[in-house]
Amino acid sequence: MSDCALVDGGGIYVRDRATPEFTDVRVTGARDWPVRVYERSRASFTRLVVEAPRKEGTDAFFVHGDSESVLHDCEITGSTRTGLAIEGGRLTVHGLTVTGAAADAVLVDGGEAALTDVRCSGVGKAALLVADGARVSVSGMSVSESTQEGRGAIASVRSRFEVSDLRVSRWHGPMAIVVGGGGVFEDIVGHEVGSGIHSREDATITVRGMVLREAREDGLNILDGTEVRLVDADLSECGEDAVYVQGGYVTVRSSTLSGSGERGVRVGAGGVAALEDTAIRDGRGDGLMVEDGGRVRLVRCTVSGNDDSGLWAADDASVYLEDTTFGGNRGGDGDRVVVRGTRGAATGPGRILGGVGEGAVRDRERSLESLLTELDALVGQERVKREVRALVDLQRVSAKRVAAGLPALNVGRHLVLAGPPGIGKTTVARLYGEILCSLGGLERGPFVEVARPDLVAEYQGGTRTRVLEAVERARGGVLFVDGAHALVEEEPEESDPHGREVVDTLVGAMSEPGKGFVLVLAGHSDRLGELLEASPGLRERVARTIEFEDYSPEQLMGIFAGEAGERGRTLGEGVRELLVEHFRRRMKDEAFDNGREVRRVLDGAIRAHSERIAEGGYTTVDDLSRFRAEDLESATAAAAGGASGRGGGRVASLMAGLDAMVGMSDVKDALSGRLAGLLTAGRAGGGPSRHLVFLGERGTGRTTVAGIYAELLAALGLTSRGRPVRLRAGELVERGEVSRRAREAFDLAHGGVLLITDAHDVVGEEEAAGALVELMGEHHDDVVVVLCGAEEGARAFLSDHPDLEARFGAVVGFSSYTDEELLRIFVGVAEEVDLAVPERTRAVVAEAIEACSERFAAGNGHEVRALFQACAARQARRIEGWVRSGRVLDLEELQTLLPEDVPGEDGAGSALAE
């Protein structure tokens, strides 16, 4: 479709596996969704313009599910919500301008996107929001003129990204906010922004080539276990600190931090900053401030021209200085900076050479006993603790043998940590590295965390270089590969050469004696097993695989109580019980992530508690630090995904749509009764099975009703997603085994409904029944299966396999439509496209249906739609003939089907032929 304009009406809907191409199309003033691509469709848009949609709270361009869109030189203006949103699909952009979006300019929620040459201005929230495990690459993006305070130009929440050539200006909030997950920023420039990069919740970020000018607050703000690597940066005139780290880790190399409004670098409790070849100068406060519990290491750095001290360090701070120069700091160089170097010779003002000067304090190493105590203090995971201690014992014995002049034990140190997310794998890996250091098995090197996007390059030869760079950064320490299962995809071996190259390069590096690092791989249990099976070299070099298990609800409550205590809160009456019940419900959700869920609930509870206290909601001093049940209700309700709030109106709308369908009164009654039983039983367990069998002839509405059933389950809070995934019964088996397509379909349907069609096609196929039983068993209550087929064949398929039949809660029969109902369907289809069917035309349609009653009884709604399409085609030819003859037609004539538009004597037979 090309050179079209849709004005003040509908938009573009691409569905049902369609693959259209649109060129020079403009959608203006749409009263509904301007552009939607869904139902596994693939659409391409060139020079599309979407402007001024009228429907409130609507995304201008929406890609859903397994669908995919490619955009070239497109423009979106004035969206009432998000400009371009993708939920679980794939998106490729080569040129896009988004202006005036009320919410985010671009949203990637759980899908994949590659964005090139994107321009965003005047947006309400983020220019780019990446969430829910999405993976995004950006090359060339300019962002300007935010309309709200505190929003990140780029926001990433537990996702992976690669961003290069980013320009942000006149923006109220940070250039980027990263919560969990991580990625790479390269060649990014910020000017007149609120701040630089904020990172939280164990995120891992690499920043290369960052230039920041005139930020109102911090340049880097690093908290909550985050690790940031900053290389070749120039951060100047930050309103507060150029770098602030607390409870996190930052490495700064070959950079300049100048003109800060407060400090060049501030290290708070639990923070670690390592700087090499970096200048900290001309700030209006201290060059560096290291608070109690903070640690800093300076190697070949220059600290000069600051208004206060060059280095201010608290008594319990740890400072390591090597080859670092202090000078011209108006408040002095600082008590921890000395004149003499390690050789004892005077070397000039503030010069420290070759290691640690007399006044410098080495980074304190923790004892083995304290590290093992911290390991034992971790909640649960007793098997993990035993496995780690066994490895430690082997290393201790080996160290004693070496000290006694005996050969060391040939004991591997590399590990695989397998288990669900949020279970503490990163924490155990860090502890393991520190334990090895305390035993002398490692230098006190860094803990480097990477994932597949950090290791795989887009160009040939680049992957090996990236892997070796990561290994080099981890020299003397631990290289932690998160999500390592993604290094070998579930595709055939030749489909993922990049993942194989990563593994082969790691194996080679592990074999080189000079590399001196420990590799720890973390990820999902099943897929990590496949990774080791695919690489015998890797399997041989891994000391052992340690399996983690989900925390129990009671353990999660204990973690919550412990972290709340660290933040000055206690648990009041009823809070423990509420937490246990909440975690028990949430563990059924596919997105459940153990400790991270605890942190989210705790943060929400602290906000609610603070708001209540501010409004005077306390009577005693203890109330100022004690959670009540009401403080937890909003935090737990947001995560529980219940039906309240959004469910009521959606359920009513869906039930109204079901009631409006022609006929099928028995089906409606059966479905209503089934839902009532499920809702009464509740989501926690028990009650009738949610799996159903829909039997009937083609065109009786089975798949339509299955879609409504899926949406109803989600609206009632009984599943976490509404749109069903489809699979043909014939695709269950491939070469006598469960097919890859079937496994993918079950994975995609996790938390929702899988619709399996054409069950009658697999009658007598033992493998198909066995595959379905196996997959339903593996996914248990995580996937609801609706099995559809023709009455005779599908019923025989079930009766031949009682173990399969027993898994379904009910069989719902769909009767063929009567002639009268078929006529009503015809009229309804016509009215959907504003075509009137007068009585005289209805009589002719009824005759056509009656003339081919057997055909319509077999095809039902499909045959009716075929008949309608034939009528519409004949009407179009009739109108074209009238126009050529010079006849002037009014609107009613253009929108009316006449008796002569109905095919001839054999009715539907002629319809199908035409």
Side-chain angles (χ1 to χ4, degrees), residues 195-196 212-222 230 233-246 250-342 345-353 355-364:
S195 54
L212 181 63
R213 298 282 187 272
E214 299 180 23
R216 288 182 290 279
E217 298 175 4
D218 297 331
L220 295 182
N221 187 284
I222 305 162
L230 182 68
D234 184 355
L235 312 184
S236 67
E237 303 299 328
C238 295
E240 297 180 4
D241 304 321
V243 176
Y244 173 59
V245 54
Q246 178 177 339
V250 62
T251 301
V252 183
R253 290 194 176 99
S254 305
S255 298
T256 300
L257 315 176
S258 64
S260 300
E262 295 185 5
R263 292 145 297 251
V265 177
R266 178 185 174 191
V267 184
V272 178
L275 292 85
E276 297 181 7
D277 304 305
T278 292
I280 305 171
R281 58 180 175 79
D282 303 329
R284 288 179 283 280
D286 299 316
L288 298 98
M289 171 183 281
V290 190
E291 300 173 351
D292 283 330
R295 296 185 288 173
V296 69
R297 174 190 177 98
L298 301 180
V299 178
R300 297 184 302 278
C301 294
T302 302
V303 184
S304 62
N306 297 286
D307 287 351
D308 289 335
S309 298
L311 168 63
W312 183 93
D315 291 339
D316 288 334
S318 178
V319 179
Y320 179 96
L321 305 175
E322 179 180 331
D323 263 358
T324 293
T325 300
F326 290 77
N329 299 293
R330 284 172 279 282
D333 293 335
D335 295 338
R336 304 293 268 276
V337 179
V338 299
V339 173
R340 293 187 302 278
T342 54
T347 57
R351 178 72 170 166
I352 297 179
L353 291 174
V356 183
E358 292 180 3
V361 180
R362 275 194 181 274
D363 187 8
R364 291 188 298 255

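Quick note: residue numbers are just sequence positions, from 1.
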A.B. asks: To the nearest 0.5 Å, what is the distance between CG (L235) and OG (S258)?
C.D. replies: 8.0 Å

A.B. asks: Using 0.5 Å steps for rounding, measure from the OH atom of Y320 to the CG atom of L298.
C.D. replies: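 Between Y320 OH and L298 CG, I get 11.0 Å after rounding to 0.5 Å.
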
A.B. asks: Measure across E240 and D218 and return the closest heavy-atom pair with its distance rounded to 0.1 Å.
C.D. replies: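 Nearest heavy atoms, E240 then D218: CB-OD1, 3.2 Å.
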
A.B. asks: Take R281 and T256, measure what side chain to side chain contact (heavy atoms under 4.5 Å, CB included) needs, and give me the verdict at the end.
C.D. replies: CA-CA 8 Å; R281 58 180 175 79; T256 300; 3.8 Å; yes

A.B. asks: Show the nearest heavy-atom pair for residues A314 and E291, with the distance to one decimal.
C.D. replies: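 Minimum heavy-atom contact is CB-C, 3.9 Å.
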
A.B. asks: At what distance, to the nearest 0.5 angstrom, does SG of C238 lie from CG of N221?
C.D. replies: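 These two atoms lie 11.5 Å from each other.
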
A.B. asks: I want to check something: taking the side chain as every heavy atom from C-beta on, are R295 and R297 in contact at a cut-off of under 4.5 Å?
C.D. replies: no

A.B. asks: Flag the pair E237 / R213 as yes when at least one side-chain heavy-atom distance between them is below 4.5 Å, and no otherwise.
C.D. replies: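 Of all side-chain heavy-atom pairs linking R213 with E237, none is under 4.5 Å.
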
A.B. asks: Say you draw a straight line from CZ of R263 to CG of D241; how long is it, rounded to the nearest 0.5 Å?
C.D. replies: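 Here the interatomic distance stands at 4.0 Å.
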
A.B. asks: By side chain to side chain contact (heavy atoms under 4.5 Å, CB included), which residues pair with N306, not counting sequence neighbours?
C.D. replies: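 Result, side chain to side chain contact (heavy atoms under 4.5 Å, CB included) vs N306: V303, N329.
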
A.B. asks: Could you pull out every donor-acceptor pair under 3.5 Å between side chains of residues 269-279 and any protein atom, sequence neighbours left out?
C.D. replies:
from	atom 1	to	atom 2	distance (Å)
E276	OE1	R253	NE	3.3
D277	OD1	R300	NE	2.8
D277	OD2	R300	NH2	3.2
T278	OG1	S255	N	3.4
T278	OG1	E276	O	2.9

A.B. asks: So how far is it from R216 CZ to S195 OG, rounded to the nearest 0.5 Å?
C.D. replies: 8.5 Å

A.B. asks: Would you give the length of the straight line joining atom CG of L220 to atom CG of L230, rounded to the nearest 0.5 angstrom?
C.D. replies: 5.5 Å

A.B. asks: Could you tell me whether D286 and R266 have a side-chain N and a carboxylate O separated by less than 4.0 Å?
C.D. replies: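 Result for this pair is no, no salt bridge flagged.
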
